Chemist: 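Starting off with a structure, shown below.
Order of the sequence lines sets the chain letters (A, B, ...), proteins ahead of strands, with each chain counted from 1. Note that the structure is a prediction, hence the values are computed from the model and not measured.
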Amino acid sequence: MIKVTLPDNSVKEFDSSVSAYDVAMAIGPGLAKAALAAKVNGDLCDITATIDSDCNLEFVTAKSDPELSLELIRHSCAHVMAEAICRVFPEAKLVYGPTVENGFFYDVDLDTPITPDDFSKIEGEMKTIVKEDRPFVRYEMPFDQALTYLENEGNRYKVENAKAANSDVISFYVTGSRDNSDFEDLCRGPHIARTGQIGAFKIMSIAGAYFRGDASEKMLQRVYGTAFADKKELKQYLFQLEEAKKRDHRTIGKQLDLFSFQEEGPGFAFYHPKGMTIWNEMLKYWREEHYNDDYCEISTPTMLNEKLWHQSGHWDNYKENMYFVDIDEERYAIKPMNCPGGCLVYKSRNHSYRELPIRMAELGLVHRHEASGVLHGLFRVRRFTQDDAHVFCTPEQITDEVVNVIDLVFRIYKTFGLSDVNLELSTRPAKSIGDDKMWDLATDALKNALERKGIDYKLNPGDGAFYGPKIDFHVRDCIGRSWQLGTIQCDFALPERFDLNYVTNTNTEQRPVMLHRAILGSLDRFFGIIIEHFAGSFPTWLSPEQVRVMPISEKTNDYGQEVYQLLKKAGVRTTLDLANDKINAKIKKAYEQRLPYMLILGPNEAENNNVTVRVRGSQQQQTFALHDFIQKITCEIQSRSLESTLNK
RNA sequence: GCUGAUGUAGCUCAGCAGGUAGAGCACUUCCUUGGUAAGGAAGAGGUCAUGGGUUCAAGUCCCAUCAUCAGCUCCA
């Protein structure tokens, strides 16, 4: 909770997740004429906003809060861009121009498409506007008057925006002066004081977007831009974008020959030998962890009679995304989820309360017909493997089971170097099945598990699935992007639909609770994520090639063979580079393939039974006795270390 | 699915005023036997995404389809 003390000593409270911008917005318009200095939590002044007579936040004080100042620069820059677009395309109708994470956009309704060739023209106009250093001036109108004003303008989007503002007074911002008929826009503000305070900007891209995100509405043109306090920061941001591009798993997947996509199967990944090596290492580890946690593993068919999907409810809710095949007068569905198969396995015989909980894991291959426009490398595909598991247990066992899964999740993520994990608990939505008692019981069980683990979590009221509450795991990678990976979901629907039972100690039949859980989610997507997380430089245990043996000339090829065979025998994935290349070229190639270890072998090494090692990421080299090296690297692989342990 | 852009050798890309296709890397062969980020030479490799159309002539212009990319919408 953040307490902001206003000059009249009244206190306003804000949620601690509120941004400085939100605080400024909340206290600003009501005190339009007064210069305002807000104290936060008594003495703390890190959020200090001064608001001038135009309700603009003073730039001087905003400097003490870079986040706030950046927001204002970007929002103001959106106005400048809108004006520039109108100069280049006078028939353009403005819609809406907010800030977003790394910049801002403005939606415009315009029949001629804006192309990247137009960017420089628009940027040129923007430059002029910034140079003119015009002030942002606020004026207000009563709602009714504003509505008429906007209707006369003939821009229905602005009319609807004003209605959506739901306020008695509508504010406008003029870039300059009303007397000069300068550019103005419906806007709640605030802005920086003058256009000249925009340090550096760039138009980034153009894309389509529906008005209000509604696919039945007209498609508008969305022009993305970004702005910074100075040119240096803009340059740095553009550099970071380039770096992120280099990590793109689609690019690295091609460079390292891990996987491919073919025209014959849009959304269906082809895994190449090196990709499969990583895949199999991932699964080997995954199975070890699940064995330790007393899971059993099952496998259920990819295709099952359509009737099953009517019973499970998928046909009603999910058929648009399912593939079907007709065989012998019968219609089969390719499974989009594994749960019904799991239910059939459970139901194949009677169960006693003594068996519960039953933890049934399945690396299930599912197919979903995703819309063509959403496909994205391994992140969004039409065929993928889920690391699914279904836990059948009594209501009393939910908490223990959830605690168990949470521990497993954290253990597995950590092994992949993912330790920044956030949890979210989603509760009963408006449309749902099951009675209140079950919902309360399950939701409390999930909460108890989180509390027992002492984990902070975010609550998403009403965001659960219609069949039960859930916990989601969000993971941040090494460049700060967040991914939803794991999930634990209570399900009241399927046990009912499939009439699942167990026999109690009083010899009566009872419905088990079914927990769905996934840890990595889609293995395909997880593969993509770790490619980007490691930027292709996988830890040794995951690397498709762990060591490359590189003799300096043909004279040491024999020794190279010997070293290669010994490493292979020790279970190390090794390749031998006997190409007619100089050592420089061999090093370059191994570097490009992100080899964790290069062994450089010449007459010196051959004579002493040594290896000279270059570790990835370093240009230093070290010489080890061959057997020492083999011992060290096998240790590193077995411990699944994230870093090289050669010197430990 | 929608809007826009793109599609030329295995990869990265050039060619564009319409006149029957080019580079670097990779690949093959030969020379070179070289100690830390590309040694040299020669060679092979393309119905320019697919299908129509305009034209004496289309990789180049037009239309459709497919795929990819960006964004939107979607992701019980």
Chemist: Mind listing the N/O atom pairs, protein and nucleotides 37-43 of chain B, below 3.5 Å?
Modeler:
residue: B:A37; atom: N7; partner: A:Arg614; partner atom: NH2; Å: 3.4
residue: B:A37; atom: N1; partner: A:Tyr591; partner atom: OH; Å: 2.9
residue: B:A38; atom: N7; partner: A:Lys588; partner atom: NZ; Å: 3.2
residue: B:A38; atom: N6; partner: A:Lys588; partner atom: NZ; Å: 3.2

Chemist: Assess whether a salt bridge exists between A:Asp436 and A:Arg428, defined as any Lys/Arg side-chain N lying under 4.0 Å from an Asp/Glu carboxylate O.
Modeler: yes
Chemist: If I pick the P atom on B:C2 and the same atom on B:A76, what distance separates them, to the nearest angstrom?
Modeler: 22 Å
Chemist: Given the C1' atoms of B:U47 and B:U20, what is the spacing between them in whole Å?
Modeler: 12 Å
Chemist: What distance, rounded to whole Å, do you find between the two C1' atoms, one in B:A42 and one in B:U32?
Modeler: 15 Å
Chemist: For A:His272 and B:C11, give me the distance from atom NE2 to atom C1', rounded to whole Å.
Modeler: 12 Å
Chemist: Encode nucleotides 68-76 of chain B as B, S and - characters from 5' to 3', where the letter depends on protein heavy atoms closer than 4.0 Å: B to the base, S only to sugar-phosphate, - to neither.
Modeler: SSSBBBBBB
Chemist: Holding to side chain to side chain donor-acceptor pair (under 3.5 Å), I want the full list of residues that pass it with A:Glu592, two or more places apart in sequence or in another chain.
Modeler: A:Lys588
Chemist: Tell me the interatomic distance from A:Asp109, atom CG, to B:U3, atom C1', rounded to whole angstroms.
Modeler: 12 Å
Chemist: Between A:Ile600 and A:Gln221, which has a closest nucleotide on RNA chain B that is more 5'?
Modeler: A:Gln221
Chemist: Does a side-chain N-to-carboxylate-O contact under 4.0 Å join A:Lys335 and A:Glu362?
Modeler: yes
Chemist: How far does the P atom of B:A57 sit from the matching atom of B:C69, given to the nearest Å?
Modeler: 37 Å
Chemist: What distance, rounded to whole Å, do you find between the two C1' atoms, one in B:A70 and one in B:C30?
Modeler: 48 Å
Chemist: NA contact type, A:Asp316, heavy-atom cut-off 4.0 Å: base, sugar-phosphate, or nothing?
Modeler: nothing
Chemist: Is the shortest side-chain N to carboxylate O distance from A:Asp499 to A:Arg511 below 4.0 Å?
Modeler: yes
Chemist: Quick one: does NZ or CZ of A:Arg548 land under 6.0 Å from the six-membered ring centre of A:Tyr564, within 45 degrees of the ring axis?
Modeler: no
Chemist: Round to the nearest Å and state the distance from A:Leu110 atom CG to B:G4 atom C1'.
Modeler: 13 Å
Chemist: Taking the P atom of each, how far is B:A64 from B:G4, in whole Å?
Modeler: 11 Å
Chemist: Find the distance A:Glu607:CD to B:G35:P and express it as a whole number of Å.
Modeler: 16 Å
Chemist: Which part of the nucleic acid does A:Glu605 contact within heavy-atom distance under 4.0 Å: base, sugar-phosphate only, or nothing?
Modeler: base
Chemist: So A:Pro336, base contact, sugar-phosphate only, or nothing? Heavy-atom distance under 4.0 Å.
Modeler: nothing
Chemist: Could you tell me whether A:Gln255 atom CD has more than 12 heavy atoms of other residues or ligands within 6.0 Å of it?
Modeler: yes
Chemist: Can you list every stem that RNA chain B is part of, counting only runs of 3 or more consecutive Watson-Crick or G-U wobble pairs with both distances under 3.5 Å?
Modeler: B:1-7 with B:66-72, B:10-13 with B:22-25, B:27-31 with B:39-43, B:49-53 with B:61-65
Chemist: Please measure how far the C1' atom in B:G22 lies from the corresponding atom in B:A44, and state the result in whole Å.
Modeler: 16 Å
Chemist: CZ of A:Arg616 versus C1' of B:U36: gap in Å, rounded?
Modeler: 18 Å
Chemist: Take the protein atom NZ of A:Lys245 and the nucleotide atom C1' of B:U12, then report the distance between them rounded to whole Å.
Modeler: 13 Å
Chemist: Check side chain to side chain contact (heavy atoms under 4.5 Å, CB included) between A:Asp435 and all other residues, then give those that pass, not counting sequence neighbours.
Modeler: A:Lys437, A:Met438
Chemist: Strictly under 6.0 Å, is that where the ring centroids of A:His249 and A:Phe379 end up?
Modeler: yes
Chemist: So, using side chain to side chain contact (heavy atoms under 4.5 Å, CB included) as the criterion, who are the partners of A:Glu101 when residues are at least two apart?
Modeler: none
Chemist: Apply side chain to side chain contact (heavy atoms under 4.5 Å, CB included) to A:Asp316 and list each qualifying residue two or more places apart in sequence or on a separate chain.
Modeler: none
Chemist: Considering only atom C1', compute the distance from B:A17 to B:C75 and round it to an integer number of Å.
Modeler: 49 Å
Chemist: Looking at residues at least two apart in the chain, or sitting in another chain, which of them share a side chain to side chain donor-acceptor pair (under 3.5 Å) with A:Arg380?
Modeler: A:Glu370
Chemist: Dump the pairs, protein N or O against N or O of nucleotides 48-51 of chain B, anything under 3.5 Å, distances to one decimal.
Modeler:
none

Chemist: Applying ring pair (Phe, Tyr, Trp, His ring centres under 6.0 Å) as the test, list every pair that has at least one member in residues 95-116 of chain A; sequence neighbours left out.
Modeler: A:Phe105-A:Tyr224
Chemist: Taking side chain to side chain donor-acceptor pair (under 3.5 Å) as the definition, give me every residue that meets it alongside A:Tyr237, ordered by chain and number, with sequence neighbours left out.
Modeler: none
Chemist: Could I get the full list of salt bridge (Lys or Arg N to Asp or Glu O under 4.0 Å) partners for A:Glu125, not counting sequence neighbours?
Modeler: A:Arg87
Chemist: I need the CG-C1' distance between A:Leu599 and B:G35, as an integer number of Å.
Modeler: 15 Å
Chemist: Does atom OH of A:Tyr591 have more than 12 heavy-atom neighbours, drawn from other residues, nucleotides or ligands, at distances under 6.0 Å?
Modeler: no
Chemist: Whole angstroms only, please: what is the NZ-C1' distance between A:Lys254 and B:C13?
Modeler: 13 Å
